[in-house]
Amino acid sequence: WRAACGEETSKHTKPVSLKNGVLMVIVEDSVWLYKLTLEKAQIKNKFNNTYTGRKKAVDIRFRVGSIDI
């Protein structure tokens, strides 16, 4: 995930599942939600290129929530 979205973004997000081609990502707040929604296509492409041989993400959905790691 860090390779797809970047070091700073990964500190404010947490991928939680990849089901039926939909990558679900929890984000820290609505500011990150908006930012990542604008960058969704780029992040999805990087994610799919980085994780070759695994399931591909058809879509990414972002939700505001707790990212306690």
Tell me every residue that passes side-chain contact (heavy atoms from CB on, under 4.5 Å) with Asn45, counting only those two or more places apart in sequence or in another chain. none

side-chain contact (heavy atoms from CB on, under 4.5 Å), paired with Arg63, selected from Val27, Ile26, Val16: Ile26

What I'd like to find out is whether the side chain of Trp32 reaches to under 4.5 Å of the side chain of Val64, using heavy atoms alone. no

With Lys40 as reference, evaluate Leu23, Asp59, Val25 under the side-chain contact (heavy atoms from CB on, under 4.5 Å) test and give the passing residue. Asp59

Between the CG atom in Leu18 and the CH2 atom in Trp1, the distance rounded to the nearest 0.5 Å is 11.0 Å

If you measure from CD on Glu8 to CZ on Arg2, what distance do you get to the nearest 0.5 Å? 11.0 Å

If you take all heavy atoms of Ser10 and Cys5, which pair is closest and at what distance? N-SG, 3.8 Å

Would you check, one step at a time, whether the test side-chain contact (heavy atoms from CB on, under 4.5 Å) holds for Thr13 with Leu36? CA-CA 10 Å; Thr13 60; Leu36 295 176; 3.4 Å; yes

Only counting residues at least two apart or in another chain, list the ones meeting ring-ring contact (aromatic ring centres under 6.0 Å, His included) with Phe47. Tyr51

Grab the two heavy atoms, one from Asp68 and one from Lys14, that are nearest each other, plus how far apart they are. O-NZ, 3.4 Å

Which residue pairs pass the side-chain hydrogen bond (donor to acceptor under 3.5 Å, both in side chains) test when at least one of the two sits in residues 15-29, sequence neighbours left out? His12-Glu28

Check: Asn48 side chain, Lys56 main-chain N or O, donor-acceptor pair, under 3.5 Å: no

